[in-house]
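First up is the structure itself, then whatever we jot down about it.
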Amino acid sequence: MPETASLQKRKTGRKRRRAGFDTAFGRAMLQVVAVVAFFAVWEIGVRAGWISAFLVGSPSGIFSVGYKMILSGELVSDTWYTLFEAILGFIIGTIAGSLLGLALWYSVFVARLVEPFIVAINSVPKIALAPIVVLWFGTGLVSKVALSVSLTAIVALIAAYQAAKDADVDLQSLLISMGADKHQVFFKAVVPSTLPSIIATFRINVGFGLVGAVVGEFISSQRGLGHLIYTASSFYDLNTVWVGLFTLMVMGFVLYYVIDMIERVSLPWKQSSTTHQVQV
Amino acid sequence: MQQPPVQLSVRNFQKSFHGKAGEVRVLDDLSFAINERDFVSIIGPSGCGKTTIFNIIAGLLEPDSGAMHYRGEEIESLRGRVGYMMQKDLLFPWRTVLGNVLLGLETRGVDRAEAEARAREYLKGFGLSGFENAYPKTLSGGMRQRVALIRTLIMDPDILLLDEPFSALDYQTRLYLEGVLKDAVETYHKTVILVTHDIDEAVALSKRVIVLSGRPARVKIVHDIEIGATSPIAARGDARFSGYFHSLCAELDIQTEKTA
């Protein structure tokens with residue numbers, strides 16, 4: 001029985017591979033070691049003169065600059081400002097885009113009519129709109145939010161429309177045979193089946209929301225992490241640039257897990273399938 | 001035996017589909033009648049248009065020509081009045097067992113509390129109490145199909161359209177669910193049309209079996225099954241079972257030779 005034999009082999013092979021560091025604690029340790037080693041090499045390299053502190057900054061310098069900025073309240077206010085712009089842009093863009101994408105399900109005629117326009121809009125790199133957006137919406141908060149919306153809305157629209165098109169036809173037929181009308185098919189079959197795709201775009205769009213906010217601040221602004229990074233880099237103040245970048249990284253990191261939590265709460269029926277992966 | 005009155009009659013159904021290879025005629029002048037409280041199985045070569053018949057009756061498709069009469073009245077379709085069950089259980093994955101059972105009552109706008117009470121009663125009757133809040137993916141195939149059956153029955157449909165409902169299940173589960181179905185049909189006084197490619201199942205469950213010819217589908221012959229056993233398992237033990245089985249096999253065999 002060659003089939004049983006190969007199954008057996010795979011089983012034992014998997015067992016062997018999972019041993020050692022492949023536990024939650026082991027992985028966390030390896031991750032911490034990697035981060036510490038990275039900064040240690042960086043710091044040693046700068047102190048020993050192998051790499052230029054002028055061009056790359058240094059971990060100790062970043063730490064002291066960051067500490068000072070936290071104490072002065074400057075970092076906190078810039079962080080909140082950028083976070084606010086990004087989240088506002090993300091929420092408006094994702095909701096508007098998703099609603100439009102879902103609405104296109106209602107009329108095949110309208111959907112076919114606007115499809116090339118959606119593709120055309122999507123193929124413009126939205127970042128290129130930044131100068132115009134600043135011209136239109138000024139140098140304040142609105143222009144950053146508008147840029148974030150332009151980035152996130154199109155992603156949400158395309159994902160929602162595609163998911164609505166792909167919604168299981170048999171489930172819709174079943175509802176129709178039960179006497180459901182178009183609204184009921186939409187709300188009972190189409191909308192719930194698009195939710196996983198829509199929530200999947202949250203992950204991408206949280207990042208795009210930040211991109212919009214930061215790029216908007218690069219172009220013109222008086223506040224925010226983008227402004228901080230841009231001005232500091234023009235003074236070759238690399239440590240301050242790194243403080244801004246690491247803050248953005250932490251922000252994106254936290255937002256990612258917030259989305260993860262939203263996904264778990266809103267899609268309880270999807271759970272447990274995602275934790276298993278076929279071992280090859 | 002006195003003939004019960006006709007509940008649903010299908011007359012001269014014709015239906016063609018336009019595919020890449022040109023026009024495909026699926027139904028050609030198809031007529032049959034379903035009596036009150038009938039249990040009719042439709043068997044025929046695969047791809048002969050059995051599902052198309054159901055889709056027309058359920059109002060998901062329109063025939064090119066032909067008429068349908070329900071208790072003597074001409075109707076367009078039985079949309080909203082049929083209980084359609086397919087090979088896939090088609091449970092909504094984001095709804096719990098209770099939510100799935102409530103689906104039809106919700107579309108009908110039945111009062112929530114009343115609907116829930118009825119759903120819990122049905123779930124209990126089918127041995128599924130305790131699973132109200134489980135999601136479909138946590139259930140076995142047999143349990144899922146039982147939930148689908150409850151979802152169908154709770155709407156109190158005029159006619160059950162069962163499209164190979166048990167063909168994806170293992171044999172033991174199938175036997176068990178055939179029994180559950182037969183009991184439910186008796187309890188709730190339902191009329192059933194069952195599409196199956198399982199001759200064994202058709203003989204064990206039905207009062208009549210309609211044999212269709214290959215595409216385009218026409219009624220080749222209608223067999224009355226006069227076993228009248230209390231359960232599908234008992235029916236398989238009946239002395240006449242194998243006789244029916246072999247004559248139906250013969251009908252189908254001749255056609256496969258013809259179409260091949």
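Throughout, protein chains are lettered first and strands after them, A, B, ... in sequence-line order, and every chain is numbered starting at 1. If you're wondering where the values come from, they're calculated on a predicted model, not measured in any experiment. Computed over heavy atoms, backbone and side chain alike; hydrogens, waters and symmetry mates excluded.
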(request) Check whether the side chains of B:Thr196 and B:Glu201 place a donor and an acceptor atom closer than 3.5 Å, and report yes or no. (result) yes
(message) Just so I understand: if I count every heavy-atom pair under 4.5 Å between each of B:Pro93, B:Gly59, B:Gly104 and chain A, which residue has the most?
(response) B:Pro93
For [X], which atoms come within 4.5 Å of any heavy atom of chain B: side chain, backbone, both, or neither?
{"X": "A:Pro268", "value": "both"}
{"X": "A:Asp181", "value": "neither"}
{"X": "A:Leu195", "value": "neither"}

(request) Please tell me if the side chains of B:Glu132 and B:Leu123 come closer than 4.5 Å, counting only heavy atoms from C-beta onward. (result) yes
(message) Check this for me, if you would: do B:Arg120 and B:Glu116 make a salt bridge, where the nitrogen-to-carboxylate-oxygen distance has to be below 4.0 angstrom?
(response) yes
(request) Kindly indicate whether a cation-pi arrangement holds for B:Arg81 with B:Tyr70, taking the cut-offs as under 6.0 Å to the six-membered ring centre and within 45° of the axis. (result) yes
(message) Under 4.5 Å from any heavy atom of chain A, what part of B:Leu60 do you find: side chain, backbone, both or neither?
(response) side chain
(message) Ignoring hydrogens, what is the shortest heavy-atom contact between A:Ala86 and A:Ala213? Give both atom names and the distance.
(response) N-CB, 4.0 Å
